[in-house]
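Here is the structure we will look at.
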Protein chains: 2
Amino acid sequence: MEEEKRTVRAVERALDVLMCFASGHEWGLTEIAGRVGLHKSTVHRLLATLEDKGFVTRITSTDKYRLGLSVLELSANLSRSDDPSVVLLPEMERLRDQLSETVSLYIRDRVERVRIQAVQSMQAIRRVATVGARLPLSVGASSKVLLAFAEAGVRGNVMSDTAWPVHLDREAFGKQLDDIVATGYATSYEEREPGAAAVSAPIFNRSGKLVAALSVSGPSNRLTPDRMHEFAPAIIEAAHRMGTILE
Amino acid sequence: MEEEKRTVRAVERALDVLMCFASGHEWGLTEIAGRVGLHKSTVHRLLATLEDKGFVTRITSTDKYRLGLSVLELSANLSRSDDPSVVLLPEMERLRDQLSETVSLYIRDRVERVRIQAVQSMQAIRRVATVGARLPLSVGASSKVLLAFAEAGVRGNVMSDTAWPVHLDREAFGKQLDDIVATGYATSYEEREPGAAAVSAPIFNRSGKLVAALSVSGPSNRLTPDRMHEFAPAIIEAAHRMGTILE
DNA sequence: TAACAGAGTTTCATGCAGTGAAACGTATCT
DNA sequence: AGATACGTTTCACTGCATGAAACTCTGTTA
């Protein structure tokens, strides 16, 4: 159970400090110290280091910190030409134009999912999806897809993780996932956030491995359950086409 | 001269390791160790920490490292609504449509410049500009703008920095900057990279402070010196309009 | 105007945690 | 088999990260 960790404490702490900036824009020193549960002077030193390397900057007027330019520099090199989020973008735009709703691409990361790409609907009322967002794997159409079609063992591992919501009925949820495997797609109606709905289908690469979930989402009054089932074939087809490009 | 550093060594090293990924896609452990000049086992521990926090991931097939999803997560929160790179984007697109060439936005960071925003030309032959790129402040039209119009003292500080190329004739360069202040814009013809040319104008916020350089760049056979001078008024006007939005 | 509260900053003794040489495992060559 | 190159693990040493406390500098209260 002890799981030896071969990591560097100071670095771990610094990265924790940095990750504060993933939610919310700017923070003061004491705020951050409270958030990560470290002493003021420790955080002060860590921030000085992060600042020196350009990972955070200070607002001159108020003394608060915000993300620095090094992060921008790194993010520029995030997407490579063999990256799904780049390769699949044209197909995602096609699907967006076809259905006129926001299209997102999700991958699973341990017990969460991450939106690695998104193209927005052009309609006045639209689902706005930010790339990079990290979301729970327990709710939402694409969550269910990422779990339902995952390799053997993943489903069990994830659901027995400490982060998994206890209140969820495993029996029923498992049944739901089996249904999704049978039909080939998942839907969610005001599941994660009120007023929003989504349809999602799995993308398998040429070796048949699940790599991502393709999801179409929009306001729940436009994406009614009926409408979502109408959309499903187009999404499944697009996801299939995308899969042939990968690997 | 001694400049006490109140930073954490382990964190500095870890960030150095991370910044390897700003240039080039993926690296092996030994490669990185050589690059940052640290012992293999040290880098191994640092990478393990970075991996644990999701800042790097390993390619399963080859054992190389690449940037992880945490960087994506951070970069999602980089741009705020009051950020020049967001606010000025529509104006940049207008200018791109007007001139049909790639438009970039640069800010100065110490003795370098960073491209914080870019919109690409739609032409078949075009300048491709990646956001986040860090470039020298000694060459290029926008470099000269950022230096020429900088606050008092900046010019001297930068040119006496250790990173400043010694071979450059200070006298002549200073003269060139003065000319740029007089005319209000700068040009560069195959200065930084062969085959490329650019025109750049300063953006001042409402308090009259230089905040960025607006630059139009393209292939040098299309952006001839004559053509660039024709472009200048439109660029200056756009830069002025942008300035009124800021601060 | 002094006293206070709340930020960020600096100092410094303490001991633990980061370090790197060396040994190890494991592939892919010749 | 030997050789090379890579990632991994161990371990003794001591340098460096740590956090309590003192300090500064605001703006706010009495």
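Residue numbering restarts at 1 for every chain, and letters A, B, ... go by the order of the sequence lines. Being a predicted model, the structure only gives us computed values, none of them experimental.
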Under 4.0 angstrom between [X] side-chain N/O and [N] OP1 or OP2:
{"X": "A:Arg6", "N": "C:dG18", "answer": "no"}
{"X": "B:Arg45", "N": "D:dG7", "answer": "no"}
{"X": "A:Arg13", "N": "D:dG19", "answer": "yes"}
{"X": "B:His44", "N": "D:dT8", "answer": "yes"}
{"X": "A:Arg58", "N": "C:dT9", "answer": "yes"}
{"X": "B:Arg9", "N": "C:dA17", "answer": "no"}
{"X": "B:Thr42", "N": "C:dG20", "answer": "yes"}

Can you check the [X] [atom1] to [N] [atom2] distance for me, whole Å?
{"X": "B:Leu38", "N": "D:dG7", "atom1": "CG", "atom2": "C1'", "result": "17 Å"}
{"X": "A:Tyr65", "N": "C:dG8", "atom1": "OH", "atom2": "P", "result": "8 Å"}
{"X": "A:Leu47", "N": "C:dA7", "atom1": "CG", "atom2": "P", "result": "15 Å"}
{"X": "A:Leu50", "N": "D:dA17", "atom1": "CG", "atom2": "P", "result": "14 Å"}
{"X": "A:Leu46", "N": "D:dC16", "atom1": "CG", "atom2": "P", "result": "16 Å"}
{"X": "A:His39", "N": "D:dA22", "atom1": "NE2", "atom2": "P", "result": "12 Å"}
{"X": "B:Trp27", "N": "D:dG7", "atom1": "CH2", "atom2": "P", "result": "13 Å"}
{"X": "B:Ile32", "N": "D:dT8", "atom1": "CD1", "atom2": "P", "result": "11 Å"}

Cut-off 3.5 Å, side chains only: do A:Thr42 and A:Arg13 have a donor facing an acceptor?
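The answer is no; no qualifying pair exists.
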
Say whether A:Thr102 and A:Arg126, considering side chains only, have a donor N or O and an acceptor N or O under 3.5 Å apart.
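No, because no side-chain N or O of A:Thr102 sits under 3.5 Å from a partner of the opposite role on A:Arg126.
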
Starting at the 5' end of DNA chain C and moving along, which residue's nearest nucleotide shows up first, A:Leu29 or A:Val11?
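The residue mapped nearer the 5' terminus is A:Leu29.
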
What do the steps show when you test B:Glu193 against B:Arg127 for salt bridge (Lys or Arg N to Asp or Glu O under 4.0 Å), and what is the final call?
CA-CA 11 Å; B:Glu193 38 188 355; B:Arg127 177 74 213 287; 3.0 Å; yes

What nucleotide, of C:dG18, D:dT8, C:dT9, holds the atom closest to the side chain of A:Val8?
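Ranking C:dG18, D:dT8, C:dT9 by closest atom to the A:Val8 side chain puts C:dG18 first.
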
To the side chain of A:Ser41, which of D:dA20, D:dT18, D:dT9 is closest?
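Nearest nucleotide to the side chain: D:dA20.
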
Quick one: does B:Lys40 reach the base of C:dG20 with a side-chain donor-acceptor pair under 3.5 Å?
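Flag unset: no donor-acceptor pair detected.
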
Pair B:Asp16-B:Arg35, salt bridge (Lys or Arg N to Asp or Glu O under 4.0 Å): steps then yes or no:
CA-CA 9 Å; B:Asp16 285 342; B:Arg35 227 155 173 270; over 6 Å; no

Contact check, side chains of A:Ser70 and B:Met19, non-hydrogen atoms, under 4.5 Å:
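When only atoms from C-beta onward are counted, B:Met19 and A:Ser70 do touch, with a gap below 4.5 Å.
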
